[in-house]
Amino acid sequence: MSVVPLRFRAINQGTLAINDCGRFFLASDNLVERIIGDDLTQGDRTELSRDGHFFSQDDAFAFDAHAYGCASRWDRAGELDYLILVPTLRCNLSCSYCQVSRVGLGRKGFDWDAETLGAILNLIDTLPTQRIKIEFQGGEPSLRPDLITAVIERCERFEHKQFVICTNLQDLSDDFFAILTQPDVYISTSLDGDVDTHAHNRTGAGTGQFLDNLERVLTEFGPDKISALPTIDPQNPPAIDALINSYASRALHSIFLRPINYQGFARKQHSSAREQSTEWRQFYERFVRRIIERNWADREVVLEETYFSICLRRIFQPGHDRHVDLRNPNPIGVDYVVIDYDGTVYPTDESRMLTRSRIIDLSIGDIFSGWDSEKRQLLNAHATNQFDESCRRCAYQPFCGRDLVDDLARYGRIDVERTQTEFCRRHLHIFDLIFEMIYSDDPAIQYSLAQWLRLPSVPARFGIRL
Amino acid sequence: MGVVQHQFAPHMRELQTSLVDTVARFYPDVIMSFAEEQVTLSSDTRSYEALRRIFQAMIANELSVQRSEPERMAVIERLLQ
């Protein structure tokens with residue numbers, strides 16, 4: 001008996017065949033017919049076995065190689081080394097699609113108290129790793145530079161450390177700018193497009209101040225210090241070139257195109273955000289194609305849509321990215337956690353928002369007594385796409401992931417038939433688009449794919465045809 | 001709009017239910033129906049050629065998933081150990 005562990009997907013250029021290890025080819029109609037009829041020629045068998053698409057059932061070496069290939073697609077959550085910290089829930093803005101559920105600037109009792117800070121510092125002291133990443137979320141964390149500094153100073157012992165402060169850059173103190181002078185401190189901020197769009201969505205009359213701060217950070221520290229991302233209202237998307245220009249003109253070349261997240265205030269004020277429309281997917285595709293055109297026209301600059309690149313690298317470079325929103329299995333509360341202003345521990349920032357919105361309590365513990373809770377174990381029993389009825393029939397399963405919290409946010413449950421979920425529709429669309437580009441003969445597309453994969457040159461081909 | 005009709009070999013009739021289910025899941029704009037031994041796929045947006053390819057890909061996918069299921073499970077069990 002022979003094993004042909006392939007799954008198939010019709011795309012514009014032909015029939016895509018992907019094995020369980022994620023190796024793939026574009027199959028001719030005749031080859032697909034022979035696979036259907038279990039009527040492979042000796043030539044087929046030779047070609048297919050070369051990349052592990054075919055092997056004999058009693059070939060132990062081939063089976064081991066296949067199992068190894070599958071294992072390379074599995075994400076392994078290691079030791080806790082990624083903390084998302086919320087030193088304050090207070091914020092100096094009130095955006096209509098705020099995803100984080102904030103409180104007013106003058107409210108009391110929404111910052112870490114001394115006991116909570118002490119417990120967090122103790123946690124940092126006990127982490128067994130030599131590597132740490134800490135993301136400061138809010139609220140607006142820049143309101144408490146003293147707390148940020150206390151945490152950063154406590155991380156001195158780590159060999160590798162990175163700190164990302166998620167800030168609206170609206171009103172920044174000298175103390176905050178002093179923090180930014182440290183080379184391992186980065187900023188993540190929002191930039192929704194041109195001045196009018198950003199003002200409308202977020203900062204109103206204070207937009208000039210935000211832009212001044214953005215320019216100051218860019219001037220003093222350079223564009224590598226900042227990652228910015230736009231939040232897009234799919235009902236009213238900005239002009240694509242204006243959006244790109246607002247980033248490219250500041251030497252910000254990686255744009256994470258993000259529709260309004262169905263979280264926090266957005267659940268009430270942007271209820272259509274629960275499902276993304278065909279129009280959104282068309283906008284996304286136009287955006288990616290426009291970036292490709294611009295990259296081809298000006299080879300001095302490589303623009304990318306960040307998530308598209310992440311998905312592309314999931315295909316060609318498994319294990320390259322540690323993007324926790326797209327991995328499989330995707331256990332919660334293991335290698336990263338969110339610690340809120342009051343010490344409550346959540347598996348993800350989205351689960352914090354769901355709890356704050358009183359949709360479902362997804363807290364899994366607290367900084368004082370731990371988070372190895374029954375709730376966490378229950379969720380983690382379902383944290384893989386491996387056994388899902390739809391996923392096991394999906395050609396893209398080796399590249400895809402699982403996001404329990406996203407399902408809970410949108411549907412209030414985790415057992416919605418997979419292809420009916422926004423997570424699945426989004427990724428089917430992106431992977432279809434990627435494979436159409438992989439098999440495109442357009443040199444502009446090939447050039448951008450190579451750049452996004454950080455290849456030194458454009459390869460002769462990205463995918464084979466059999 | 002495209003329509004494609006195929007004779008459906010009797011020995012593949014057991015796939016009928018799973019094919020309808022899988023097409024609905026992965027190509028929701030495509031309508032698949034069976035009458036006697038003939039299968040029809042139609043779509044408002046896809047060409048004849050695209051529908052023909054979807055039909056072929058779906059049969060190959062379903063058969064491949066069924067045939068390789070024991071080995072797939074063996075790999076998963078081994079990796080879970």
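Sequence lines set the chain letters: A, B, ... in the order given, protein chains first and strands last, and positions in each chain run from 1. From a predicted model like this one, the values you see are computed outputs, not experimental measurements.
Per-residue heavy-atom pair counts under 4.5 Å with chain B were compared for A/Cys424, A/Ala27, A/Ala71, and the maximum is reached by A/Ala71.
Considering every non-hydrogen atom in both A/Ala10 and B/Tyr27, the closest pair reads N-OH, 3.0 Å. Considering every non-hydrogen atom in both A/Ala67 and B/Val75, the closest pair reads CA-CG1, 4.0 Å. The minimum heavy-atom distance between A/Asp38 and B/Arg67, with the atom names listed, is CB-NH2, 3.9 Å. Scanning all heavy atoms of the two residues, the minimum distance from B/Ser64 to A/Pro5 falls at OG-C, 4.5 Å.
B/Arg78 places no side-chain N or O within donor-acceptor distance of the main-chain N or O of A/Asp64, the cut-off being under 3.5 Å.
The contact between B/Ile54 and chain A is made by backbone and side chain atoms together, counting heavy-atom distances below 4.5 Å. Proximity to chain B (any heavy atom under 4.5 Å) is restricted, for A/Asn12, to the backbone atoms N, CA, C and O. For a residue to count as touching a neighbouring chain, one of its non-hydrogen atoms must lie under 4.5 Å from one of that chain's; by this rule A/Arg418 does not touch chain B. A/Leu428 touches chain B through its side chain: at least one heavy atom from C-beta onward sits under 4.5 Å away, while N, CA, C and O do not.
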Exercise for the section: Report the C-alpha distance between B/Glu71 and A/Asp20 in whole Å, list the side-chain angles of each, state the deciding distance to 0.1 Å, and finish with yes or no for side chain to side chain contact (heavy atoms under 4.5 Å, CB included). Expected result: CA-CA 11 Å; B/Glu71 285 71 28; A/Asp20 293 353; over 6 Å; no
Practice task
Report the C-alpha distance between A/Phe8 and B/Gln56 in whole Å, list the side-chain angles of each, state the deciding distance to 0.1 Å, and finish with yes or no for side chain to side chain contact (heavy atoms under 4.5 Å, CB included).
Solution key: CA-CA 9 Å; A/Phe8 298 84; B/Gln56 190 189 42; over 6 Å; no
Practice task
Show the numbers, then the answer: is there a side chain to side chain contact (heavy atoms under 4.5 Å, CB included) between B/Arg53 and A/Asp29?
Solution key: CA-CA 8 Å; B/Arg53 186 167 285 138; A/Asp29 288 352; 4.0 Å; yes
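Contacts between residues 387-399 of chain A and chain B, counted as heavy-atom pairs separated by less than 4.5 Å, involve A/Phe387, A/Glu389, A/Ser390, A/Arg392, A/Arg393, A/Cys394.
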